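The structure under discussion appears below in the form of structure tokens.
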Amino acid sequence: MAGLRTVGAIALTLAVLAPLGASKSHLVAGSITAMAATFAIKEKQWRQQAVTLALGLVVALASMSLGALLSTHVVAGDLFFLALIFAAVYSRRFGDRGTALGLIGFQVYFVSLFVRAGLSGLPGLCGTLVVAFVCSALVRFVLVPETPERVLRRLRSAFRARLAQLVAAQIDLLDAGPDRVEKALEEVRRHTARLHESAMMIQGRLEEGTRDSATAAHVQRRIADAEIAAERLGVLILTARSAERADTLTLHLPHAPVPAASDRLRAQDDTTATLRRDLEALRLLVLRPVAEERRTAVAHVRNRLLGYRDEDNLPRASAAVQDVFRGIGETARSVLGLRLAIDGPQDESDDTPSTTRSREELDAEDVAIARTEEDEGDTRDRTGWKRPTTRTAVQVSVGSALAIVGGEFLSSQRWYWAVLTCWVVFLNTASTGEILVKGYRRLLGTVLGVVAGALLASLVGSHTWTAFGLVLLFIFAMFFTAPLSYALMSFFVTAMLGLLYTLLNTYSTGVLVLRIEETALGAACGVIAAALVLPVNTDRRTDELLATVLKRLGEVTGAAVDQLSGGPATELLDKARDLDTALDDLRSSTQPLTHPITPLRARRETVRYLVALLETCAYHARSLAATAELLPYSKTVAADPRLKGAGRRMAHNIDVLVSRVENDDTEGVAETGPSLASMLESDRPGLPRHDRVTDRVLRHLQRLDEGVIGLARPLGVRVSTPAGTASRGSAA
């Protein structure tokens with residue numbers, strides 16, 4: 001959508017300027033300005049976007065005027081450019097509007113350098129800017145409108161598609177032979193991660209895209225239920241085809257060993273055929289529009305799947321295979337709950353007793369969620385984490401100064417390419433390692449883009465509108481590939497610039513080779529500035545984020561255990577999403593450590609293991625939070641005060657890990673001992689465990705306990721043994 005909107009704004013700008021007899025330089029200036037005015041604005045509400053767009057036009061006119069005024073004053077122009085760069089980066093601390101205005105100011109000044117603006121042509125260029133901003137506004141608000149509600153609607157549709165893809169991958173895992181099981185498991189991992197990404201994107205749009213906080217809470221709850229149920233279904237399928245219970249770490253650790261196969265599932269077995277049929281039915285149920293649920297066949301499928309939540313409806317099979325059928329029933333229930341939260345009440349005429357029970361449970365949960373929202377009001381903390389924009393602004397300014405000096409030696413006409421590269425490698429990065437990786441990817445994309453640009457320039461020649469058509473295509477590709485590959489995005493940017501140079505009649509092979517040199521220089525200046533000026537070491541950055549993840553994990557686990565023990569209700573799913581956000585930040589910051597070209601192979605595997613283990617812990621924490629929020633209205637889960645004691649060991653161990661990460665000299669000891677389930681049974685042996693807490697809760701607690709101990713060893717934390725001795729974990 002961002003690509004369509006940007007291409008639409010550029011095309012409309014060209015359609016307006018061309019009949020007016022605008023020169024090629026004005027067409028190029030209008031295109032780049034329309035692009036900047038469209039992609040820079042990230043605010044969600046139309047009114048906020050309109051205000052930012054109006055302020056952006058003022059900033060753009062001022063930036064273009066100063067660029068033309070200072071075009072003949074080299075030193076003053078360079079000093080102003082540095083001041084503008086500092087202000088543009090510093091303004092990010094003021095949120096989306098500050099970021100947008102800073103980006104527009106920088107980009108338009110860059111345009112003035114690109115088209116060599118002078119005072120004589122300033123009125124025409126200012127008119128071009130006005131046209132570009134007006135066209136951007138028309139595309140944004142009229143031709144390709146985007147509202148939070150529409151975005152949320154598309155995201156919900158995408159979530160259903162991702163969920164169906166995950167179920168399809170799980171079917172492949174069920175059917176995979178010994179020679180294909182590793183590939184099938186890797187597909188399950190990939191689709192599980194993509195489903196989680198979709199859930200996180202929806203979480204970021206809920207408040208703006210729903211009618212009220214109660215509706216947002218309902219959707220949030222149902223999205224979390226569906227994600228957890230689908231992920232758990234994958235674990236159960238893996239367990240059913242394994243000789244022993246599968247570890248959830250297998251679904252999060254790349255290249256993890258595949259559990260040994262068992263004979264529980266045979267390809268020609270009737271139970272296996274039924275299981276495959278019902279998984280396929282679940283996938284189709286996820287994809288079916290709500291309107292089609294009124295059909296008898298669809299209702300029959302839904303009722304059959306929900307029936308697996310009753311023990312009497314389970315087929316005769318091993319316990320592990322029966323667990324898979326239960327998982328199908330729980331996933332079908334989560335799909336039903338998601339549709340009720342999003343689309344409202346539905347036809348109940350074909351409901352079976354199992355379906356009616358599921359609806360009643362969902363209705364009771366919705367009432368409790370609404371009551372919790374009313375009690376909370378607007379007391380939730382909405383403040384976000386402030387980024388260290390001052391440090392980044394200083395680093396970018398120093399790097400840009402080096403790029404200006406070095407760029408002048410390479411070319412007195414196009415030194416600004418080095419400055420642009422230095423600018424972009426700092427965007428969305430926070431450590432020296434991240435900047436180094438981003439600079440390398442940009443240089444790689446630029447080299448490949450130069451080759452493509454040279455080939456296209458020779459083919460296009462003087463065909464102006466063919467060149468503009470390819471420019472629009474490359475701009476769309478640039479936006480479409482940006483989230484996937486920075487190197488690929490840089491490739492399309494450079495290929496597009498080759499066409500722009502052709503339009504301006506300044507193309508030559510030497511110009512594109514110069515672009516490679518300027519790009520390499522700008523990336524090097526960025527790395528030097530990041531390493532020498534207020535540096536943020538990659539290890540320090542990852543340690544800070546790791547400590548944050550562990551703290552969030554402790555908060556979620558502690559609150560869930562407290563609520564399962566009979567404590568007061570809290571917003572557990574909000575805490576779980578805070579944990580997910582912190583984990584995403586950590587995953588991004590470890591990219592320099594896990595990059596394929598890193599020479600520290602053992603360290604790369606250790607980091608991958610740590611992140612995978614944290615993802616496993618986050619999954620169990622999310623599941624605990626979702627289960628705890630079922631209290632006190634659930635008929636299947638009851639509070640058990642003994643859980644508070646069982647969770648105390650986990651809380652202590654997490655605190656020890658946090659202290660170790662924040663201070664290497666800390667000598668805390670992580671405690672191990674008997675399993676949490678055995679602790680509960682030994683506490684009151686005469687009481688049946690199922691009367692107090694479900695097996696699922698105990699499994700999640702046990703896996704969390706094991707996961708935290710697993711984290712202690714690579715972090716070098718001593719671990720106590722049941723005999724009372726302690727051994728320091730290996731850091732290998």
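None of the values given here were measured: they were computed from a predicted structure.
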Before accepting this row, confirm whether a basic side-chain N of the pair [X]/[Y] lies closer than 4.0 Å to the acidic partner's carboxylate O.
X      : Y      : result
Arg277 : Glu280 : no
Glu555 : Arg552 : yes
Asp580 : Arg577 : yes
Glu146 : Arg140 : no
Asp172 : Lys183 : no

Do [X] side-chain atoms and [Y] backbone N/O form a donor-acceptor pair below 3.5 Å?
X      : Y      : answer
Arg221 : Ala626 : yes
Ser198 : Phe159 : no
Ser589 : Leu586 : yes
Gln48  : Glu43  : no

| Are Thr331 and Ser334 close enough that a side-chain donor and a side-chain acceptor fall under 3.5 Å? |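 Thr331 vs Ser334: no donor-acceptor pair found between side chains.
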
Closest approach of Phe39 to Thr6 (non-hydrogen atoms, all atoms of both residues) |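 Distance-wise, the nearest heavy atoms are CB-OG1, 4.3 Å.
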
Counterpart residues, side chain to side chain contact (heavy atoms under 4.5 Å, CB included), relative to Ala34 (two or more places apart):
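Scan of Ala34 (side chain to side chain contact (heavy atoms under 4.5 Å, CB included), adjacent residues dropped) gives Ala9, Ile10, Thr13, Ala132.
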
